[in-house]
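Report on the structure given below.
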Amino acid sequence: MERRLVGIPASPGIVVGPVHVLLWEVPEVPQRIIDDEAIDAEIARFHATLDRARERLRTVRARAARQAGEEEAKIFDAQLFILEDVELIGRVEGLIRQNLAAESAFEITMLEWRHHFARHASPMMRERVGDITDVQIRVLSLLLNLPDHDPVELPKGANAILVTHDLTPSLTVQLDREAIAAIATDAGTRVSHVAILARSLGLPAVVGLRTATQRLKGGELAILDGGAGTLWINPTPEEIEGFHARSEREAALSAELARLTSAEPVTMDQVRLTLRANVDLPEEADAAVHSGADGVGLMRTEFLVVGRTAMPDEEEQYRAYRRVVSSFGAHPVVIRTFDIGGDKLPVGGYPTEANPFLGWRAIRMCLDEPGIFRTQLRALLRAAMHGDLRIMLPLVVSVDEVRHARAMLQEAAAELAERGVPHRADVPLGVMIETPAAAIAADTFVGEAAFFSIGTNDLTQYTLAVDRGNANIADRFTPLHPGVLRLIRRTVEVGAEHGIDVTVCGEMASQPLMAFALIGLGVRQLSVAPRAVPLVKRLVRAITVRAAEAAATEALASRSAAAAEAVIQRGLAECCGGDPFLHDGLLDLS
Ligand code: PEP
Ligand code: MG
C-alpha cells in the first residue's frame with residue numbers, strides 16, 4: 001500500500017498518533033429470516049442491544065455536557081427518547097414475530113419513522129430526521145456486529161488522528177477533544193466548512209484525501225501534516241524524526257512572525273492597509289486581538305448553532321456578540337447574520353433540497369423566518385452598545401433583500417425600545433458580495449449597503465460552478481481565474497466610485513500570493529484567519545502597491561487561471577523573492 005496519502009492542507013500542525021477510523025454511515029442490512037423457535041432469543045438480543053446503545057448515548061451525552069455545555073448535550077436527549085419509544089419497540093418486536101431478524105425489523109421500522117417525520121407538518125418533528133439517522137447507525141452497527149467506529153470510547157490523551165468521510169455538525173459535538181489531536185477526511189477542500197472549523201479549533205487537519213477511510217483500518221500509526229496536506233501511514237523512526245524537525249522549524253517561523261504583531265501593515269510605497277481577523281467562535285476573540293488585527297472583518301455566527309437542537313436565544317447571542325465586540329474596544333467588529341440552511345450547517349426541521357448550494361440558505365432563510373432573524377438582530381443591536389459593531393448580510397443577490405432586512409432591523413429596534421432595553425438603532429448594515437449577481441450589479445446596492453465584503457469562497461464557487469466542498473474538483477477551484485478577478489475588480493471600482501468600503505474576507509485574503517493579487521486589484525482591507533494576520537502583514541510590508549497593481553493588471557487580461565497565477569507569482573517574486581515566508585505553500589499559517 002502507498003504509505004503516503006496526499007490531500008488538501010486544511011489546518012496546520014503536525015501530529016504523530018494512532019489512526020481512529022470513524023465510519024458514520026447507515027450500514028447495509030442483509031435481509032435475514034429466522035425460524036419460529038429463534039423468535040424469543042432474537043427479541044432478547046434486540047433488547048440487549050438497545051440497552052447497550054442507550055448506555056453509549058448516556059456516555060456521549062455526559063461528555064458533550066462537560067465539554068460543550070448542557071445546551072449542546074440536549075441533542076442526545078432526542079435520540080434517547082427514540083430508543084425508549086414504546087411504539088417503536090413494539091413495532092420492531094411485531095416484525096421479529098413475523099420471522100424477521102432484529103436488524104431487518106429495526107431497519108424497516110426506522111424507514112417508516114423517517115418517512116413519517118420527514119413529511120411532518122411540524123418543524124420540530126421534521127428536525128428529528130437527523131437524530132433518527134444517528135440512532136439507526138448506532139443500533140444497526142451493534143446488531144450487525146460491525147467493527148466499532150463509535151467515537152465514544154477513545155482513551156484519554158490518545159492523541160488520535162480521526163479519519164472519517166466528512167465531519168458533520170452532529171459528529172463534531174460528539175468528538176472527544178481530549179482524545180483527538182487531528183482530523184483527516186475523504187471529502188472537503190480548503191474552503192469547506194470542516195476546514196474552516198478545524199482552523200478555528202486549532203486542530204491540525206487534512207481534507208480531500210478521497211479514499212482514506214477505505215485504505216485505513218484503524219490502529220495504524222500515522223503522521224498527519226496539516227500544513228503539507230499529507231498523511232503518512234506506518235512511518236519509520238527516521239521519518240518521525242524528520243517530522244519532528246519540521247515541526248520545530250514551523251514553530252520557530254511562527255515565533256518570528258509573531259514579532260510582527262504590533263507592526264503596521266504599511267507597504268514599501270507607504271500605503272496603509274486595514275487588516276482584520278475572521279472569527280468563527282466567540283472564544284477566538286482573544287487570539288484575534290493578540291494577532292494584532294485592526295478589528296474583526298467577519299464573525300461567522302452560524303457556528304453558534306452547530307450541533308444544537310434549538311437556536312440560541314437572544315440573551316445567549318447577546319453575550320456571545322458582546323464578548324467579541326468588547327474585546328476589540330474601538331475597533332470595528334463586523335458580525336454576519338446567520339449563514340445557515342442548505343448544505344451549510346443544515347438546521348433541522350426543513351426538508352433536504354436537491355440543490356442546497358442554490359437553495360434556501362443564509363439571508364433567504366432569515367427573511368422567511370422572522371422569529372429567528374429578529375432575535376439575532378435584537379441581540380446584535382444590544383451588543384452594539386459595547387463597541388463599533390457592524391452588521392453584514394450573507395449571500396445577497398438583490399437590493400430588495402437589503403431593504404427587507406433593514407425593515408426587520410427597524411422592527412427589532414422598536415421591540416427593544418418598547419421593552420426599554422439599551423441598544424443602538426443606527427448600526428451600519430453591509431452586504432457580502434459572494435455571488436456573481438451581486439458583483440456585476442454592485443452599483444444596485446449604492447445608497448442601501450454601508451459596506452461591501454467580498455466572500456471569495458462562495459464567489460469562486462458560484463462563478464466557476466465548482467462546489468467548494470467537493471474534493472474531486474478541488475484543483476478546479478481557482479480563485480485567480482480571470483472571471484473571478486474581474487468580478488472583484490468590478491466591486492472595487494463601484495466601491496471607489498461611491499465611497500463604499502470594500503473588504504475581502506474569503507480565504508483568498510489569507511494566502512500571500514492571492515493577497516498580493518487582491519492588493520493589486522485595489523483592495524485595501526483584508527480580513528483573514530487570526531493566525532494569518534502576521535503572515536499577511538509581512539507580505540504587505542515587503543511589497544509595493546505599484547508592483548501589485550502591475551501584476552494584477554496583467555492577470556486580469558490573462559486567458560486562464562494558470563496564466564494569471566504565473567503572472568502573480570512572477571510579480572511577487574520580483575518584490576520579495578528571497579523571503580521564505582512568502583512562497584506560497586512553504587508556511588501557510590492560515
Ligand atoms: C466566503 O464565502 O468567502 C465567506 C467568507 O463566507 P463563508 O466561507 O462563511 O461562506
Ligand atoms: Mg460565503
Side-chain angles (χ1 to χ4, degrees), residues 8 10-11 169 188-200 207 275-281 284 288 293 296-306 333-347 356-366 390-397 401 430-439 451-470 474 477-481 484-485 487-488 491 502-511 514-515 517-518 521 523 525-530 532 536 590:
I8 299 166
S11 178
T189 68
R190 200 191 138 75
V191 292
S192 61
H193 297 103
V194 51
I196 291 171
L197 192 63
R199 288 196 283 278
S200 299
V207 299
L275 205 49
R276 301 209 170 105
N278 291 351
V279 169
D280 297 330
L281 306 163
E284 274 180 287
V296 170
L298 164 66
M299 178 180 175
R300 290 181 168 95
T301 56
E302 53 274 11
F303 287 107
L304 292 174
V305 185
V306 175
V333 171
V334 178
I335 304 190
R336 180 173 76 185
T337 56
F338 291 132
D339 189 357
I340 43 181
D343 85 296
K344 194 173 181 185
L345 303 179
V347 263
F357 279 118
L358 307 180
W360 193 63
R361 53 172 282 208
I363 189 65
R364 304 169 186 184
M365 180 223 167
C366 285
R390 305 173 186 187
I391 299 177
M392 176 156 82
L393 306 174
L395 209 77
V396 165
V397 293
E401 291 159 332
V431 295
M432 289 208 60
I433 303 289
E434 51 183 353
T435 60
F451 57 89
F452 293 155
S453 189
I454 306 177
T456 50
N457 306 335
D458 277 318
L459 186 62
T460 306
Q461 152 165 278
Y462 292 122
T463 304
L464 303 181
V466 172
D467 175 348
R468 63 191 273 187
N470 185 341
F477 189 91
T478 47
L480 292 176
H481 186 290
V484 181
L485 297 182
L487 291 176
I488 296 172
T491 310
V502 179
T503 301
V504 171
C505 64
E507 297 300 312
M508 253 183 116
S510 296
Q511 293 170 279
M514 306 228 198
L518 292 171
L521 290 172
V523 175
Q525 308 197 13
L526 300 169
S527 189
V528 306
V536 177
S590 56

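Heavy atoms only: backbone and side chains are in, while hydrogens, waters and symmetry mates are out. For the single chain, residues carry numbers from 1 onward in sequence order. Read the numbers this way: they start at 1 and go in the same order the structure lists the ligands and their atoms.
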Q) Going by the atom numbers of ligand 1, which of them fall below 4.0 Å from some non-hydrogen atom of L298? A) 5 (C)

Q: Quick one: the OE1 of E434, the Mg ion (ligand 2), OD2 of D458 angle, rounded to 10°, please.
A: 90°

Q: For R300 and N457, work out which heavy atoms get closest and say how close.
A: NH2-ND2, 3.8 Å

Q: Can you figure out which of E302, R336, M508, M432 has its heavy atom closest to atom 6 (O) of ligand 1?
A: R336

Q.
I'd like to check which ligand 1 atoms, numbered from 1 as shown, lie under 4.0 Å from a non-hydrogen atom of G506.
A. 3 (O), 5 (C)

Q. Can you name the side-chain contact (heavy atoms from CB on, under 4.5 Å) partners of S453, sequence neighbours left out?
A. M392, T503, C505

Q. Shortest non-hydrogen contact from R276 to G297?
A. CB-N, 3.4 Å

Q.
Please work out, at 4.0 Å between heavy atoms, whether the side chain, the backbone, both, or neither of L459 comes within that distance of ligand 1.
A. neither

Q. Who pairs with T491 by side-chain contact (heavy atoms from CB on, under 4.5 Å), at least two apart in sequence or on another chain?
A. I433, A439, F452, I454, V502

Q | Of the listed options R361, R300, R468, closest to atom 5 (C) of ligand 1 (non-hydrogen atoms) | A | R300

Q. What residue among I488, T435, L464, V504 forms side-chain contact (heavy atoms from CB on, under 4.5 Å) with L459?
A. I488

